[in-house]
Amino acid sequence: MKLSVSGRAAAAAVVAATTLLATGSLAGAAPATPAVAAAPDIPVANVKAHLSQFQSIATANGGNRAHGRTGYRASLDYVKAKLDAAGFTTTIQQFTSSSRTGYNLIADWPGGDTTRVVMAGSHLDSVTAGPGINDNGSGSAAVLETALAVSRAGLQPTRHLRFAWWGAEELGMVGSRYYVNNLSSTNRSRISAYLNFDMIGSPNPGYFVYDDDPTIEQTFKTYFSGLGVPTEIETEGDGRSDHAPFKNVGIPVGGLFSGADYVKTSAQAAKWGGTAGQPFDRCYHSSCDTIANLNDTALDRNADALAYAVWTLSS
């Protein structure tokens, strides 16, 4: 659900009035003024337009967008074309897993201090059972639309911005691990933050924030506090998504999650709405993870929080 203009302004005012960017745990950080005033509203209609494309791609390619399948490569080509047109420098990184060729897509925004890189990423692959629209079209589409918002704004961040779409996450974070393992120690040290977005539009959603790095965690919590939306610490996906390879080599990580096959409790339903006693996503890893398997309010809020974090942490 979109906030009204006045509602969004009020939320931004709360955030701006209560937040100083706490950067002590980010590599090479220095105090800075929050960039919340410049962070754009990410139109949920735009995010859903990308998701419709992912659905169409899956439908045309055997019902999925899985590693090594034509639907995955078509999804990557769609994202790359959007980024190339928006002025990003894109790189396709190739790897092999389970005797199939996989691909990561990396997109760098020109400018910013390349010794202090802020990355935002998501896995682009689905399981073979279905099109993977929530898992993880939702994160992939929101990261894409945030990158396009960077271009539309002509953003000139202090830190260098990099976006990534990972292959073969569903096989054990294969693509992101390949990327991290092939970074030199110098290039690893240049990544100030990696932000991960895996399942952010669950149909019976929760609002979960990773607690791996205190600065990144507080950035997201501050945003949701400004909306009056309570959050909980993310535990269901610990070590199960693409932040793990980054965290394992000492890179600060954070992210958002709206829940998978864990069951929503009565207390969670009381504060977030939805249905207690049911999974956050009943279609997790199933054929019914289609364009109908989304909660627009959660997708909208999480996409806006993503943009807020990118603007704030790169300032």
Side-chain angles (χ1 to χ4, degrees), residues 47-48 51 54-55 58 63-67 69 71-72 75 121-143 166-177 196-212 220 224 229-245 247 253-303 305-306:
V47 179
K48 291 192 73 176
L51 291 170
F54 292 153
Q55 176 69 68
N64 68 74
R65 301 179 303 101
H67 163 73
R69 310 298 179 93
Y72 179 78
S75 298
S122 58
H123 76 86
L124 188 56
D125 63 314
S126 73
V127 293
T128 57
I133 297 304
N134 186 39
D135 184 17
N136 182 39
S138 62
S140 293
V143 172
W166 309 116
E169 187 271 353
E170 297 292 4
L171 302 184
M173 295 83 72
V174 177
S176 55
R177 188 170 65 248
N196 195 60
F197 303 92
D198 190 351
M199 301 181 65
I200 61 170
S202 300
N204 189 28
Y207 293 89
F208 298 100
V209 176
Y210 297 13
D211 65 344
D212 302 276
F220 286 122
F224 281 106
V229 176
T231 60
E232 289 186 9
I233 297 303
E234 195 283 313
T235 58
E236 183 178 0
D238 277 0
R240 293 172 55 191
S241 192
D242 293 298
H243 60 292
K247 181 180 179 179
V253 302
L256 300 175
F257 178 60
S258 57
D261 55 351
Y262 281 22
V263 172
K264 179 177 279 189
T265 67
S266 296
Q268 289 169 330
K271 66 183 174 183
W272 290 327
T275 306
Q278 295 295 321
F280 294 101
D281 183 356
R282 66 178 182 83
C283 290
Y284 177 63
H285 283 186
S286 300
S287 60
C288 60
D289 188 9
T290 66
I291 195 69
N293 188 49
L294 295 167
N295 180 283
D296 286 4
T297 299
L299 186 65
D300 190 19
R301 288 170 170 171
N302 283 314
L306 191 170

For [X] and [Y], work out which heavy atoms get closest and say how close.
X    : Y    : value
P203 : N134 : CD-ND2, 4.4 Å
I291 : Q55  : N-OE1, 3.0 Å
M173 : G239 : CE-O, 3.3 Å
S258 : G201 : OG-N, 3.2 Å
S176 : D242 : OG-OD1, 2.6 Å
T275 : N204 : N-OD1, 2.8 Å

Looking at side-chain heavy atoms only, is the closest gap between [X] and [Y] below 4.5 Å?
X    : Y    : value
I200 : R301 : no
D198 : E169 : yes
D281 : P279 : no
F197 : N302 : no
V127 : D289 : no
L124 : F54  : yes

Point-to-point distance, once rounded to the nearest 0.5 Å, from [atom1] of [X] to [atom2] of [Y]:
X    : Y    : atom1 : atom2 : value
F280 : M199 : CZ    : CE    : 10.5 Å
N293 : S202 : CG    : OG    : 7.5 Å
I233 : D211 : CD1   : CG    : 4.5 Å
T235 : R240 : OG1   : CZ    : 10.0 Å
S241 : E234 : OG    : CD    : 8.5 Å

From CA spacing to verdict: side-chain contact (heavy atoms from CB on, under 4.5 Å), E170, D135: CA-CA 10 Å; E170 297 292 4; D135 184 17; 3.2 Å; yes
Hey, is the main chain of [Y] close enough, under 3.5 Å, to the side chain of [X] for a donor-acceptor pair?
X    : Y    : answer
D125 : G167 : no
W272 : P230 : yes
S286 : Y284 : yes
E232 : G206 : no
R65  : P131 : yes

Aromatic ring pairing H243/Y210, orientation class (parallel under 30°, perpendicular over 60°, tilted between):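 It falls in the tilted class, 30° to 60°.
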Aromatic ring pairing F208/F257, orientation class (parallel under 30°, perpendicular over 60°, tilted between):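 Ring orientation of F208 relative to F257: tilted.
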Test item: side-chain donor near acceptor, H123 and N196, under 3.5 Å: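 Note: H123 and N196 side chains miss the donor-acceptor criterion.
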Donor on one side chain, acceptor on other, T128 and N64, under 3.5 Å: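 Distance-only check fails for T128 and N64.
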Candidate pair S126 and R69, rule side-chain contact (heavy atoms from CB on, under 4.5 Å), full reasoning: CA-CA 10 Å; S126 73; R69 310 298 179 93; over 6 Å; no
Evaluation steps, side-chain contact (heavy atoms from CB on, under 4.5 Å), between L256 and V209: CA-CA 5 Å; L256 300 175; V209 176; 3.9 Å; yes
Stepwise side-chain contact (heavy atoms from CB on, under 4.5 Å) test for D296 and K48: CA-CA 9 Å; D296 286 4; K48 291 192 73 176; 3.0 Å; yes
